[in-house]
Amino acid sequence: MSTDLSGVRNIGIVAHIDAGKTTTTERILFYTGKIHKHGDVHDGNTTTDFMVQERERGITIQSAAISCEWKGVAINIIDTPGHVDFTMEVERSLRVLDGVVCVFCAVGGVQPQSETVWRQADRYGVPRLAFVNKMDRMGADFLRVVEEMRSKLKAPACPIELPLGAADSFKGVVDLIRMKSIVYDEASDGKTFTESEVADDIRDEALLARAELVERVADLDEEVMETFLENGDLTEEELVPAIRRLTLAGKFVPVLCGSSFRDKGVQPLLDAVCAYLPSPADKPPVTGKDLKTDEEVVRKPDDPLLSALVFKITADPYGKLFFVRVYSGSLKKGMNVFNPRTKKRERVMKMVRLFADDRMEVDELQAGDIGAIVNLKEATTGDTLCAEMKPCYLERIDAPQSVMFLAIEPKSSADKDKLLESMATLAAEDPTCRFREDAETGQTILSGMGELHLEILVDRLKREFRCAANVGKPMVSYCETVTARNVKTFTFDRELGGKRHAVTLTVEVAPLERGKGRSISLSREFIAAVPDKQLQTCVLQGLEDGVATGVLARYPMTDIEVKCTAVEIVDPEVSDEVAFRSAAMMGFREAAEGASAEFLEPIMRLEITTPPESVGEVLGDLNSRRGTVQDMDMRADMQVVHARVPLAKMFGYSTAIRSLTKGRASYSMETDSFDLVPATVREELLAL
């Protein structure tokens with residue numbers, strides 16, 4: 001691999017489910033010579049979908065890291081899932097990537113998960129290319145997809161290619177920068193192609209598209225504006241650097257097209273990755289916080305001090321793999337690294353580069369590299385690894401709120417420890433997988449992002465970890481919140497085990513905006529009155545315990561601000577850790593109960609594609625599910641319905657929609673927000 005950062009690309013392949021991410025990745029590996037025969041998703045033999053569950057279902061579940069080389073440029077690729085249940089895989093991948101290829105279906109266009117991954121890329125400021133795939137399918141419309149990118153995503157999208165034909169007649173692309181037609185030879189799996197002048201039947205359209213491309217670039221890039229005003233055109237040598245500058249600045253999204261399954265258009269995509277997406281050297285230096293002073297620190301790639309982020313953990317037959325992105329300095333075999341979260345050092349005994357499920361052991365990972373460390377002891381997803389002499393921590397990766405759960409129990413008491421240990425391993429791998437023991441029922445509760453996510457987790461427990469378990473039905477993960485501000489002064493004074501424990505705390509609770517999560521803190525006055533760090537920690541733990549268990553029906557609380565504002569110490573002998581923690585939890589509960597506590601339910605964003613004649617039945621069914629229609633539009637000859645529906649009403653929807661439309665409709669959904677439940681649902685939940 002190249003050590004020159006300008007010759008490295010760290011990219012992700014992201015898209016809505018079934019847009020062709022994995023097939024595109026497979027063709028990239030094929031054309032770069034990394035594999036000698038490409039597989040296909042429907043055959044279950046692709047390189048990056050190596051899990052049994054992925055091959056059985058024909059979907060990507062875990063992001064897979066692979067490396068290849070194209071024309072002297074080392075490309076590290078992460079192929080990500082498209083299903084909404086595994087959106088955390090996309091989130092943590094985008095956190096460490098420098099550039100992204102967004103794949104769109106030429107028929108489906110901008111779909112719900114397309115919007116989600118686009119917003120995620122916006123959040124991390126990741127430059128993008130767009131690849132309109134499946135141009136060989138009936139109903140493919142390249143220009144409509146470009147227009148949808150502009151209208152739905154507000155993306156500065158501009159074609160740098162045009163398709164040659166569509167559906168069955170799709171045979172190649174027109175390169176608008178060089179004004180050349182590229183026609184692919186199917187007999188060679190697209191390895192050979194013919195370049196020629198643009199044919200007369202498409203030349204006028206290509207000239208208009210190129211004129212629009214040149215004009216957009218000139219409008220946005222001052223360096224070429226004067227040349228454009230003088231000549232009315234830009235050469236390839238002027239266009240390519242200008243497009244690169246604009247793409248890196250987020251002002252331009254080059255759009256290409258092709259059919260990965262039919263082996264057309266992938267090589268120009270690779271050229272575009274090398275030409276327009278950033279190297280690690282092009283990205284702004286990573287910023288973090290100094291562990292000791294909490295001041296902002298900047299770490300450039302050429303900084304000798306190590307800073308690396310653990311962004312993913314997977315269980316491997318040979319041990320746990322901790323995926324890392326190195327931002328500065330270098331990781332070397334045998335060196336000690338410092339974890340600011342645990343405030344402990346760990347020794348790096350073994351490192352690997354990844355090729356899907358294959359490993360290649362290496363002695364060093366340098367700035368800009370993505371690789372994995374084998375068997376760290378205490379690291380978790382989002383941890384920073386740094387130099388101990390000047391410790392800093394990078395921004396962590398936040399996991400979204402779980403929306404569904406099920407009860408799971410071992411088939412025999414002898415299997416309980418094994419089940420808990422296996423779930424702990426899954427939770428370490430996947431931050432959206434959570435488990436807890438219900439204090440009242442004694443059941444173990446497994447939470448996840450949806451029915452498919454829970455199904456995969458249970459399947460892995462049974463197959464990979466060989467845990468025999470009884471599993472309940474999936475249920476909706478409601479949350480609790482407060483809708484008013486309240487302050488409560490609570491005195492805890494009890495004798496436990498022959499010893500008195502007593503303290504008085506004042507706890508304040510207040511609502512936060514929807515989606516803001518939870519904020520738990522101590523006031524300055526409290527910290528001044530109780531300088532003991534251990535007692536402060538006990539109060540925070542007590543507040544966190546209260547928030548985690550709720551006050552209405554044991555659901556966790558969210559969109560809530562909790563603060564301990566005052567303290568009255570009875571006697572240092574009796575105002576001990578037990579008293580502080582207990583007073584914090586009980587004081588919080590009383591404060592929250594008096595703050596108009598309510599339930600929140602997950603609301604899903606639903607997109608239904610249905611024949612026009614079935615719209616009435618579909619809308620009637622949505623109404624019966626407490627759904628709200630947001631918008632409707634036509635996509636080719638199909639009606640597309642956009643709606644918001646409570647997740648609790650979406651169980652069994654795939655069967656219902658097939659029945660309503662004689663199997664002709666399809667749908668996709670993703671979590672949109674958490675909203676207050678209606679009064680009738682509130683009463684039902686309280687009665688459970």
Side-chain angles (χ1 to χ4, degrees), residues 401 434-445 447 477-512 516-600 682 685-688:
Q401 180 75 39
R434 300 178 175 96
F435 71 97
R436 61 181 172 85
E437 189 168 300
D438 190 296
E440 293 191 20
T441 65
Q443 287 182 314
T444 300
I445 305 298
S447 302
S477 282
Y478 292 93
C479 287
E480 298 177 19
T481 192
V482 295
T483 57
R485 181 180 175 276
N486 191 33
V487 179
K488 180 69 179 179
T489 299
F490 179 85
T491 299
F492 179 85
D493 192 344
R494 293 188 188 176
E495 189 171 302
L496 301 170
K499 184 178 185 300
R500 185 185 176 208
H501 305 272
V503 72
T504 299
L505 298 181
T506 300
V507 179
E508 178 183 331
V509 298
L512 289 176
K516 292 295 184 182
R518 55 185 68 162
S519 170
I520 301 172
S521 62
L522 307 173
S523 70
R524 290 181 181 177
E525 293 77 12
F526 179 91
I527 293 171
V530 185
D532 188 318
K533 294 285 187 185
Q534 190 61 38
L535 292 178
Q536 292 176 16
T537 300
C538 288
V539 173
L540 291 172
Q541 287 174 342
L543 296 176
E544 286 169 2
D545 289 345
V547 170
T549 52
V551 295
L552 294 175
R554 304 192 312 278
Y555 291 111
M557 303 196 79
T558 189
D559 298 340
I560 183 172
E561 182 178 19
V562 185
K563 185 180 290 186
C564 194
T565 58
V567 60
E568 185 180 326
I569 296 174
V570 178
D571 181 338
E573 288 295 319
V574 298
S575 296
D576 57 6
E577 294 179 9
V578 173
F580 272 90
R581 183 164 183 162
S582 302
M585 185 171 74
M586 294 179 180
F588 163 77
R589 290 185 68 85
E590 290 203 2
E593 284 169 357
S596 304
E598 292 288 350
F599 291 104
L600 294 173
R682 187 183 195 276
L685 292 173
L686 287 173
L688 290 176

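From a predicted model like this one, the values you see are computed outputs, not experimental measurements.
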Which heavy atom of Ala583 sits nearest to which heavy atom of Phe490, and what is that distance?
O-CD2, 3.8 Å
Option among Leu540, Thr565, Val567 that satisfies the side-chain contact (heavy atoms from CB on, under 4.5 Å) test with Leu522:
Leu540
When Glu577 is tested against each of Gln534, Gln541, His501 for side-chain contact (heavy atoms from CB on, under 4.5 Å), which residue passes?
Gln534
Are any side-chain N or O atoms of Thr483 and backbone N or O atoms of Ser596, one a donor and one an acceptor, separated by less than 3.5 Å?
yes
At what distance, to the nearest 0.5 angstrom, does CZ of Arg581 lie from SG of Cys538?
7.0 Å
Thr549 side chain near Arg589 side chain, heavy-atom distance below 4.5 Å:
yes
Step through the shown structure and confirm whether more than 12 heavy atoms of other residues, nucleotides or ligands are within 6.0 Å of NZ on Lys499.
yes
Just so I know, are the side chains of Leu686 and Phe599 near enough to count as touching, which here means a heavy-atom distance under 4.5 Å?
yes
CD1/Ile569 to CG/Leu535 distance, rounded to the nearest 0.5 angstrom?
7.5 Å
Is there a side-chain contact between Ile520 and Phe588, using heavy atoms and a 4.5 Å cut-off?
no
Going by atom types only, do Thr489 and Thr506 share a side-chain donor-acceptor pair under 3.5 Å?
yes
Where the side chain of Thr481 meets the backbone of Thr558, is there a donor-acceptor pair that is under 3.5 Å apart?
yes
Looking only at heavy atoms, which two atoms of Asp493 and Arg500 are closest? And how far apart?
OD2-NH2, 2.8 Å
Nearest heavy-atom contact between Val551 and Glu480 is N-OE1, 2.7 Å
Please confirm whether the backbone N or O of Lys516 pairs with a side-chain atom of Asp559, one donor and one acceptor, at under 3.5 Å?
yes
Output, in order, the C-alpha distance, side-chain angles, deciding distance and verdict of side chain to side chain contact (heavy atoms under 4.5 Å, CB included) for Val507 and Glu590.
CA-CA 9 Å; Val507 179; Glu590 290 203 2; over 6 Å; no
Atom pair CD/CG of Glu593 and Asn486 - distance to nearest 0.5 Å
10.0 Å
Heavy-atom closest pair, residues Leu505 and Phe580:
CD1-O, 3.7 Å
Residues Val482 and Met557: closest non-hydrogen pair is CG1-CE, 3.9 Å
Where do Leu685 and Ala553 come nearest, in terms of heavy atoms and distance?
O-CB, 4.4 Å
For the CZ atom of Arg494 and the OG atom of Ser582, what is their distance to the nearest 0.5 Å?
7.5 Å
